[in-house]
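In this chain, residues are counted from 1 in sequence order. Just the heavy atoms: all of them, side chains too, but no hydrogens, waters or symmetry mates, feed the values below.
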Amino acid sequence: GTNTKIGLVAKGKIEKRRVIPTEKEPKSAILSLVSAIREIASQEEIATVGIGCAGLIDHKKGIVRTPPNLPKWHNLPLKRELEKRLKIPVFVGNDVNACALGEYYYGLGKGKRNIFVLTIGTGVGGGIISDGELILGENFAAGEFGHTSIFPEGKRCQCGNRGCLEAYIGEKGIRMMARKVIGKDLSPQEISIRAKEGEKKSLKIIEMVGYYLGLGLVNVIHLFDPEIIIIGGGISGFGRNLLKATRKTVARRIMRLPKRKLLIKISKLGSAAGILGATRFSEILSD
């Protein structure tokens, strides 16, 4: 939604990396992507290009359907436009599905069969791996965690619904919380710094974010019974305070099962999860 992370990957390792701003205009975005890809490697070095993009994606056709935070990208045929310019096979999927694959093959989900990965940044997304399979859904719309409702008549979300989790713990929601609690428009990064310095109001905001996140995760746990939930995205930088509040809410609300296997952790891969996972789209989406 805000930045695009690019990596040259060989044998499961990132050899080169770049970060560029995400262009809001589709034509500019495509030209920027092509330029960045050509800068990071020669055409001869690249076998495939894998892209994880925010929003609802037609994974088979590589079309960006409805990205709430990139309104001008609606129905953008990203795969076709990039293949036309790069002359290399391109595979396009949802960005958090890419993160889920990255965690499953290379991160905290390695060796586990049932994982749920969520990212919190500009938006809030989810990726589901159940019994070792990435769940895409009939309309490629599975895992839209940020657009599950936690309040029936809550805040209006950019997707058009009310009470969505994203409206409360996406970046805009957190900034609104800061204005209400602190009286300033603070970024999540600024709130994180203040919290590390012991500033009570910033700690209160992180506690509220963890509470709302926990509410959403209780529903995920009851639906998919994951062994591990992995939190990624920029707001995972809230760290232990976020984990503590999230785990507390989950523990109070989930069904009591004897010897339930459930871990909630913050990703160790960071943005590398999406880069690594996007390289696996060529296997999954070629079938």
Side-chain angles (χ1 to χ4, degrees), residues 1 54-57 65-71 74 94-97 100 114 116-128 130 135-183 185-186 188 191 201 203-226 229-236 238 241-257 260 262 264:
L56 293 177
I57 312 295
R65 292 294 187 198
T66 53
N69 296 302
L70 294 168
H74 282 237
N94 173 268
D95 57 346
V96 193
N97 284 339
N114 296 283
F116 182 74
V117 176
L118 64 110
T119 61
I120 317 173
T122 306
V124 178
I128 307 156
S130 181
I135 305 299
L136 295 176
E138 183 63 27
N139 302 287
F140 306 109
E144 283 294 326
F145 180 53
H147 301 291
T148 55
S149 296
I150 58 169
F151 296 109
E153 296 300 328
K155 295 178 188 174
R156 177 75 69 183
C157 179
Q158 289 196 114
C159 74
N161 193 11
R162 283 191 176 277
C164 290
L165 183 63
E166 183 174 300
Y168 292 85
I169 67 169
E171 182 168 350
K172 286 184 179 178
I174 291 172
R175 283 180 176 273
M176 285 177 66
M177 218 182 290
R179 289 195 293 271
K180 185 175 180 181
V181 174
I182 301 175
D185 183 5
L186 298 174
I191 293 166
K201 288 183 178 180
L203 287 167
K204 178 65 177 175
I205 289 170
I206 294 174
E207 186 179 338
M208 290 168 70
V209 171
Y211 169 67
Y212 293 140
L213 176 56
L215 291 180
L217 287 177
V218 167
N219 296 317
V220 168
I221 292 162
H222 289 154
L223 281 169
F224 296 106
D225 189 23
I229 294 168
I230 303 166
I231 304 169
I235 286 149
S236 66
F238 284 168
N241 292 315
L242 176 67
L243 269 183
K244 183 180 176 182
T246 302
R247 288 169 173 167
K248 182 179 176 182
T249 303
V250 168
R252 284 180 172 177
R253 291 172 176 265
I254 57 171
M255 293 171 61
R256 298 283 179 261
L257 295 181
R260 182 193 280 276
L262 176 63
I264 303 175

_Which atom of R260 lies closest to which atom of I221, heavy atoms considered_ = NH1-CG2, 3.4 Å
*Does R162 reach the side chain of S149, with side-chain heavy atoms less than 4.5 Å apart?*
no
*Of all the heavy-atom pairs spanning I120 and I169, show the shortest one and how long it is.*
CG2-O, 3.1 Å
*How long is the span from the CG atom in L215 to the OG1 atom in T148, to the nearest 0.5 Å?*
10.0 Å
*Is there side-chain contact between I231 and L213, with heavy atoms separated by less than 4.5 Å?*
yes
*asked:* Here's a test for you: under side-chain contact (heavy atoms from CB on, under 4.5 Å), which of I150, V124, N161 qualifies with E166?
replied: V124
*Side-chain contact, heavy-atom cut-off 4.5 Å: N94 with L56?*
no
*Measure across C164 and C159 and return the closest heavy-atom pair with its distance rounded to 0.1 Å.*
SG-SG, 3.7 Å
*Between T249 and A245, is there a donor-acceptor pair closer than 3.5 Å when you use the side chain of the first and the backbone of the second?*
yes
*Do side-chain atoms of N139 reach the backbone of A141 as a donor and acceptor pair under 3.5 angstrom?*
no
_Heavy-atom pair with the smallest gap, counting every atom of F238 and I174_ = CE1-CD1, 4.1 Å
*What heavy-atom pair brings I264 and R247 nearest, and what distance separates the two atoms?*
O-NH2, 2.6 Å
*Can you check whether L118 reaches V96 side chain to side chain, under 4.5 Å on heavy atoms?*
no
*Once the angle between the rings of Y212 and Y168 is folded into 0 to 90°, is it parallel (under 30°), tilted (30 to 60°) or perpendicular (over 60°)?*
tilted
*Mark yes or no for whether R156, through its side chain, and G163, through its backbone, hold a donor-acceptor pair below 3.5 Å.*
no
*Which atom of L242 lies closest to which atom of I235, heavy atoms considered*: CD2-O, 3.8 Å
